[in-house]
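Counting begins at 1 with the first residue of the sequence. Just so you know, these numbers use all the heavy atoms, side chains as well, and skip hydrogens, waters and symmetry mates. First listed ligand is number 1; within each ligand, the first listed atom is number 1.
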Amino acid sequence: MFVDSHAHLEMSEFDRDRDDVVRRATEGGIDYIVTVGTTTRECRKAVAIARAHPSVYAAVGIHPHDTQGIDATTYVLLKKLAREEKVVAYGEIGLDFFRNLSSPEIQTRCFEEQLAIAADLGLPVIIHDRDAHRQTVAILKNWQGSTGGVIHCFSGDAAMAVSCLEMGFYISIAGPVTFAKSDRLWEVVRQVPLNRLLIETDAPYLTPQPHRGKRNEPAYVALTAKKVAEIKGLSVPEVGWATTDNAINLFGLPRKSA
Ligand code: NI
């Protein structure tokens, strides 16, 4: 009934109990988890985890934080990994001007380079945007051969959401929607049509209430669905089915017969 469209099962936080985490998700009605690599090492691991678990699919790409480490061999390896059977998206890529762990110039160049690779591969992209809303939208508008994708953990305002919808992107809502005083995000949820919304955990980060402060895990995506349902005046199953259908369409996941 749910898809966690963005988690990081490959991170070391899950080394101890990864199988249990996936099992709890399945038991909690999470049909699919997309696990998103952030470095070449983590991308390799994400693909291996997807291979080992029927419900897990992978995305590969270099996170904006890690773009300064990109060298000539990085993209060769990513293109190879991207052709693996269970890889359904390219990402996460984008801009993070909040932490600036790589310089804005390097982030921008590598974002554009990776968008071109995704277009060549014919894969949808998973976009990371933190404190770089204007620049992210401008780069996406210039993206030749766009294959579409999703703005993950959306943190812009309703006007930015409209720009992204117009470009054909999905908007993904993460745990912060369950936090107090998230008025701007609630307005985004109200404005974005149900057929363009995804839900995600970004686990192990961004744990939704009432578990905030603990490690996040894919099973908790149901809490985000519940909050989205409440904001939109819908039932939880309505939100679950619609966002699952959207994720299946975007990532080309297998459709389960009822
Ligand atoms: Ni992430």
Side-chain angles (χ1 to χ4, degrees), residues 2-15 18 21-22 25 30 32-47 49-50 56-70 78 81-82 86-102 107 110-111 114-115 118 123-133 136 140 149-156 164 169-179 185 197-208 211-212 214-221 223-224 243 247 250-251:
F2 303 109
V3 173
D4 183 356
S5 70
H6 189 118
H8 297 288
L9 290 177
E10 68 286 345
M11 287 189 173
S12 57
E13 282 87 341
F14 295 110
D15 282 351
R18 189 169 289 110
V21 167
V22 174
I30 319 301
Y32 298 119
I33 301 163
V34 179
T35 197
V36 181
T38 51
T39 64
T40 49
R41 193 175 153 272
E42 300 282 274
C43 287
R44 267 204 207 97
K45 200 170 161 188
V47 170
I49 292 164
V56 179
Y57 285 76
V60 298
I62 304 297
H63 191 285
H65 288 341
D66 299 295
T67 45
Q68 66 183 353
I70 289 180
L78 285 174
L81 281 174
K86 289 192 86 183
V87 174
V88 293
Y90 194 96
E92 57 185 288
I93 57 174
L95 302 172
D96 193 313
F97 293 169
F98 176 70
R99 292 181 70 189
N100 276 324
L101 294 187
S102 295
Q107 289 188 48
C110 294
F111 184 22
Q114 294 194 90
L115 285 172
L123 286 174
V125 290
I126 297 173
I127 303 296
H128 174 106
D129 154 40
R130 190 153 183 214
D131 286 3
H133 304 325
T136 298
L140 290 177
V150 53
I151 316 296
H152 121 78
C153 188
F154 189 82
S155 60
C164 295
F169 281 84
Y170 288 84
I171 303 292
S172 183
I173 304 298
V177 77
T178 67
F179 300 169
L185 190 52
L197 274 180
L198 298 184
I199 51 174
E200 63 169 90
T201 58
D202 205 16
Y205 310 117
L206 299 175
T207 313
H211 304 297
R212 197 175 178 183
K214 288 188 270 179
R215 183 189 69 174
N216 200 0
E217 62 174 70
Y220 295 164
V221 81
L223 296 164
T224 295
T243 53
L250 176 63
F251 297 125

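When you scan the N, O or S atoms of E92 for the one nearest the Ni ion (ligand 1), you land on OE2. Atom OD1 is the N, O or S atom of D202 at the shortest distance from the Ni ion (ligand 1).
The aromatic rings of H152 and H128 are tilted relative to each other, their planes meeting at an angle between 30° and 60°.
Taking both residues in full, the closest heavy atoms of A46 and A58 are given as O-CB, 3.9 Å, listed atom of the first, atom of the second, then distance.
When each of D202, T201, T38 is checked for a side chain to side chain donor-acceptor pair (under 3.5 Å) with H8, only D202 meets the rule.
Rounded to 10 degrees, the NE2-metal-NE2 angle spanning H8 and H6 at the Ni ion (ligand 1) equals 100°.
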(message) With side-chain contact (heavy atoms from CB on, under 4.5 Å) as the criterion, how do L78 and I62 come out once you've worked through the C-alpha distance, each side chain's angles and the decisive distance to 0.1 Å?
(response) CA-CA 9 Å; L78 285 174; I62 304 297; 3.6 Å; yes
